[in-house]
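Step one of this worksheet: look at the structure below.
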4 protein chains.
Amino acid sequence: MARGINKVILIGNLGQDPDTRYTPNGNAVVNLNLATDESYKDRQTGQMVPRTEWHRIVIFGKVAEVAGQYLRKGSKVYIEGRLQTRKWQGQDGQDRYTTEIVVDINGQMQMLDSRGSEGGMNQGAPQGRPQQQAQAPQQQYNAPQQPQQQGGYSNPAPQQQAGSMPEPIDDFDDDIPF
Amino acid sequence: MARGINKVILIGNLGQDPDTRYTPNGNAVVNLNLATDESYKDRQTGQMVPRTEWHRIVIFGKVAEVAGQYLRKGSKVYIEGRLQTRKWQGQDGQDRYTTEIVVDINGQMQMLDSRGSEGGMNQGAPQGRPQQQAQAPQQQYNAPQQPQQQGGYSNPAPQQQAGSMPEPIDDFDDDIPF
Amino acid sequence: MARGINKVILIGNLGQDPDTRYTPNGNAVVNLNLATDESYKDRQTGQMVPRTEWHRIVIFGKVAEVAGQYLRKGSKVYIEGRLQTRKWQGQDGQDRYTTEIVVDINGQMQMLDSRGSEGGMNQGAPQGRPQQQAQAPQQQYNAPQQPQQQGGYSNPAPQQQAGSMPEPIDDFDDDIPF
Amino acid sequence: MARGINKVILIGNLGQDPDTRYTPNGNAVVNLNLATDESYKDRQTGQMVPRTEWHRIVIFGKVAEVAGQYLRKGSKVYIEGRLQTRKWQGQDGQDRYTTEIVVDINGQMQMLDSRGSEGGMNQGAPQGRPQQQAQAPQQQYNAPQQPQQQGGYSNPAPQQQAGSMPEPIDDFDDDIPF
DNA sequence: TTTT
DNA sequence: TTTT
C-alpha cells in the first residue's frame, strides 16, 4: 500500500495551550505549537549556540482529545507523526504553504511531564470553541486499569537473572566500536 | 547539550536531479526534492487513495558530495535529518516560511537503488569535489518556471511556484549549522 | 559506507542506578537497565493489559559520563542507539547471546526528568570502579551557556506571524486523512 | 495508554527465505532473519571495518502475509517494530532469552527492491492465504544444523546455534500481542 | 545466512 | 517533479 516512509519524531515543549477544534461530526482536532531546543557549535567562536525550532502539530482522533485535555503551555511531549504541507491563500490572494506534523491513527503522542499538565491536573480547561460540545462526554477519559495478571509469558528482566546472565562488557581493549 | 529531539525519517524518490551548490569555502550543499508515497482510506468511498507528499531536503557536508554525485531523478533514498523552518522575503516584500529537512553531520542519507544512480553508473554526473570553484557553473540556479495549476486539496509542491518560492539557500557564510 | 539502517528509539525509566565502568584508557562505559511500559488489548477479555519490556543499554563516550553522573534509578530517559547482539560463555561453558542497545557517537541520550536525577542533584555519586580516576576531571561538566544573540537568521515561530500565517485547519469535511 | 516508547527501525537484507507459520486461527506469523551492514573505524588501523548485525524479526497480522508471499532470501526491506525479549528453555533446562523485533499492527514492513522478490515475480512463492491449514507443509520447521565456529568478536547469528537456540514461536494461542 |  |  504505502510505498514510502514519512516519519517525524519530536520531543519538545508547548509554546502555548493546545488549540482544540471540532469537526462537524464532533471529532476533536488539536493544534500544537512545539519548540525543540537544540544547540550547535558556532564555527567562528567555537561555542555552543542554542537554537529553538518551532513546529506546528495537528492531532486527529482519540489522541487529540487526550492532548486537548491534558497538555498545557510548557508541557513536555513526545510526538510521532508525518510531514504534510498544505496550501492556503494569503490576504493578498497569493498561495502560501505551511508544513505541519500530522498525528493520526498511525502516529502517537506521549506526555513526558510527571503529571502531563502544568500546575495541577486540568485547571483552566481548553477554551477554543467547544461550546456546542457543552455536555461533551468525549472529554471524559477513563483509563482502563486492571490488576496485571501475567501468567506464563511474563516479560523477563534479563539483567536480573542471577547466575545465568552475562556480566556487562568488562574486557575493553579500547577497540570501542566507533 | 540538546534538550529536545527533532528527527525526520523519510524513504522516497527524487523528483529531479540533485541541485548541488558550493559555499565560498568549497563545501557542497545539495538540495533534493523527495516524494514519499502513501495511501489512506477515503471515508466516503472506503477506497485507498494514493497521496504523494513532497519534501525539501538540504544536505551539508561530506554526504552532500555523495548525494550530488550518485543520486539522480527517480533515485530511491533513505533520509534522516531534522526539521528546520527558514524565513525569506517574497517579491512583495512579505515574509514567507519554508520548512526543510536538514541533513548534516548528525543525519544520514542511504541510497536504496541497487546501483545508486539511474540508467547506469555515473553517466553525466558531477565528479567529486571540483578543483576550482571559481567559475563553477553548477552554482547557477534556474528557478523552475512552469505555472502548475493545482486545485482543491492537491498536495502542493512548494518548490515550484514560479516567482513566489524561495531560492535554495545561496548566501552561505560557512556558518553552516554544525 | 553503511549499507543499512539499525536504529532503536526508546523512552523509559531506569530500573536501577547506572553501572559505570572504565576502559584501560579511562573512557567511561555505562550500562543501563531500561523499562519501557506499553499496553496491549487482550484478545480474550478485550481489556488493556500493561506490559513492561526491559532493555539493556550500553553507552560509550562523552554521553556515558553524563549518563553515569546524572541518571539514577527511576530516571526517565530518551535513548537512541543501535542493536547489537554479543556472544558470551555461560557457567556451563555454553554459548549465550545477549542483545543490547549501543549508544555511541552516533546515538544519543536525553534526560527527560525536570532535573535529570531523582531526589536532588547528584547525591550518591556513581560507585563502580572509578578509584583510579580519583582526581577524575572528566566528571566535571561545564555546560556552555552564553547569551543567545541571533541576528538575521532567527528561527521563526511560524504560527505567531500575525496577519500572514494560516489559520489552523478549520474547514473539515470529515474527510480526515485516515 | 502507553507510557513509554519502544521503536526499532531497520533496513537490511534477508539472510534466507521467510519462515511462515500459522496460528490455530489461521493467522500468519512470519520469522525473518535480517542483516544490517554498517562499518566503523578501527582505532588501531584507522580503517573502516565492515560489521554485519543479524536481527530476528517476527511479523504478525496482514503484513505477515505480504512478507511471506513477496520477500525472499536477499530481499532488501524496511522494518519498523518494537523490541521484545522472550524466555525459553534450553535443552539443559536452563532459561535462555532471545530478543526479537516484533512487527504488529503498530509496525510496518516495506519492500525496497524494485520488484519485492528476487529472481522474477513470485517464482515458487506461497500464494496468499492457504485455504486449508490442515496438512500445511509450510508449518514444518527445520532447525539449521551447521556448527558455525566463531572466534573472537565476530557478530553472532543467534538463530543458528544448533541445539541451543529457540524455536521460532510456535505455540500460538491466538493471544497475539495486539 | 544477506547485500554492494 | 518521483516511484510501483
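Looking at every heavy atom in both residues, A:Glu100 comes nearest to A:Arg86 through OE1-NE, 2.6 Å.
Distance CZ (D:Arg51) to P (E:dT4): 21 Å, rounded to an integer number of Å. Atom CG in D:Asn13 sits about 10 Å away from atom P in E:dT2, given to the nearest Å. The separation between D:Met111 atom CE and E:dT2 atom P is 21 Å, rounded to whole Å. Look at CG on B:Asp17: it is 12 Å from C1' on F:dT2, rounded to the nearest Å. Atom CG in B:Leu112 sits roughly 16 Å away from atom P in E:dT3 (whole-Å rounding). When rounded to the nearest whole Å, the span between OH of D:Tyr70 and C1' of F:dT4 equals 12 Å. Atom pair B:Met48:CE and F:dT4:P shows a separation of 19 Å (rounding to whole Å applied). In this structure, CD of D:Gln110 is placed 12 Å from C1' of F:dT3, rounded to the nearest angstrom.
Of the candidates E:dT1, F:dT2, F:dT4, the closest approach to any side-chain atom of B:Lys73 belongs to F:dT2. Here E:dT1 is the nucleotide among E:dT1, F:dT2, E:dT3 with the atom lying nearest to any side-chain atom of D:Trp54. Counting only heavy atoms from C-beta on, B:Asp37 has its side chain closest to F:dT2 among F:dT2, E:dT2, E:dT1. Looking at the side chain of D:Ala35, the nearest of the listed nucleotides E:dT4, F:dT1, E:dT2 is E:dT2.
Remark: the D:Thr52 side chain and the E:dT3 base include no donor-acceptor N/O pair separated by less than 3.5 Å.
Checked against side chain to side chain donor-acceptor pair (under 3.5 Å), D:Gln47 has no partners two or more places apart in sequence or in another chain. Taking D:Val77 as the reference, D:Leu14, D:Leu34, D:Leu71, D:Ile79, D:Met109 meet the side chain to side chain contact (heavy atoms under 4.5 Å, CB included) condition, with sequence neighbours excluded.
C:Asn6 places a side-chain N or O within 3.5 Å of a backbone atom of C:Leu83 that can act as its donor or acceptor partner.
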